[in-house]
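Notes follow once the structure below has been shown.
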Amino acid sequence: NKVVVLAAVRLNAWALTDADPALRGDKDVALAAVRNRGWILKYVVPALQEDKDVVLAAVRQDGAALRYAIVAMNEDKDVVLAAVRQD
């Protein structure tokens with residue numbers, strides 16, 4: 001249930017790792033998780049590791065989360081600046 005998973009990842013980002021695979025690929029769930037702990041981007045489905053909104057939310061919470069995004073995000077000015085500002 002998406003509502004339950006959203007509540008869980010807002011309290012504990014690790015809950016994402018126990019979520020149903022379909023919900024791990026849900027952008028709202030991923031955003032809630034990375035806003036809680038940016039490094040959880042490591043466990044987000046690959047398609048969302050290249051989603052600029054998700055990556056920005058992650059690096060705004062933890063600049064070091066950039067290492068878990070796809071390489072192309074390392075070349076995105078907005079993403080890199082957000083990561084540097086956070087750290």
Side-chain angles (χ1 to χ4, degrees):
N1 179 316
K2 182 176 176 176
V3 173
V4 172
V5 173
L6 277 170
V9 298
R10 286 181 179 130
L11 292 174
N12 181 351
W14 270 112
L16 181 70
T17 62
D18 294 324
D20 180 90
L23 289 172
R24 284 199 307 264
D26 182 280
K27 186 173 179 174
D28 294 330
V29 171
L31 282 168
V34 300
R35 285 177 178 146
N36 183 341
R37 296 285 183 255
W39 54 262
I40 205 74
L41 182 65
K42 178 178 181 176
Y43 299 100
V44 170
V45 297
L48 291 175
Q49 290 174 342
E50 64 181 298
D51 181 284
K52 187 172 180 174
D53 295 332
V54 174
V55 175
L56 273 172
V59 300
R60 285 177 176 148
Q61 199 286 321
D62 179 358
L66 185 58
R67 77 181 77 168
Y68 303 119
I70 64 156
V71 175
M73 286 289 123
N74 290 307
E75 298 171 6
D76 184 290
K77 180 181 174 184
D78 298 328
V79 170
V80 173
L81 283 175
V84 170
R85 286 183 185 134
Q86 197 289 322
D87 276 343

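Counting from 1, the numbers follow the sequence of the chain as shown.
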Donor-acceptor contacts, no H, no angles, side chain residues 30-50, under 3.5 Å, sequence neighbours left out:
residue : atom : partner : partner atom : Å
Asn36   : ND2  : Val9    : O            : 2.9
Asn36   : ND2  : Arg10   : O            : 2.9
Gln49   : NE2  : Leu41   : O            : 2.9
Gln49   : NE2  : Lys42   : O            : 3.3
Gln49   : NE2  : Val44   : O            : 3.1

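With sequence neighbours excluded, the residues that form a side-chain hydrogen bond (donor to acceptor under 3.5 Å, both in side chains) with Asp76 are Lys52.
By the rule that hydrophobic residues join a cluster once side-chain heavy atoms approach within less than 4.5 Å of another member, Val79 and Ile70 end up as members of one cluster.
Sequence neighbours left out, the pairs with a member in residues 19-32 that pass salt bridge (charged side-chain N to carboxylate O under 4.0 Å, His left out) are Lys2-Asp26, Lys2-Asp28, Lys27-Asp51, Lys27-Asp53.
Between the Arg85 side chain and the Ala82 main chain, no donor and acceptor come within less than 3.5 Å of each other.
In plain terms, the two heavy atoms of Gln86 and Gln61 that are nearest each other are NE2-O, 3.3 Å. Between Leu66 and Val55, the closest heavy-atom pair is CD1-CG1, 4.4 Å.
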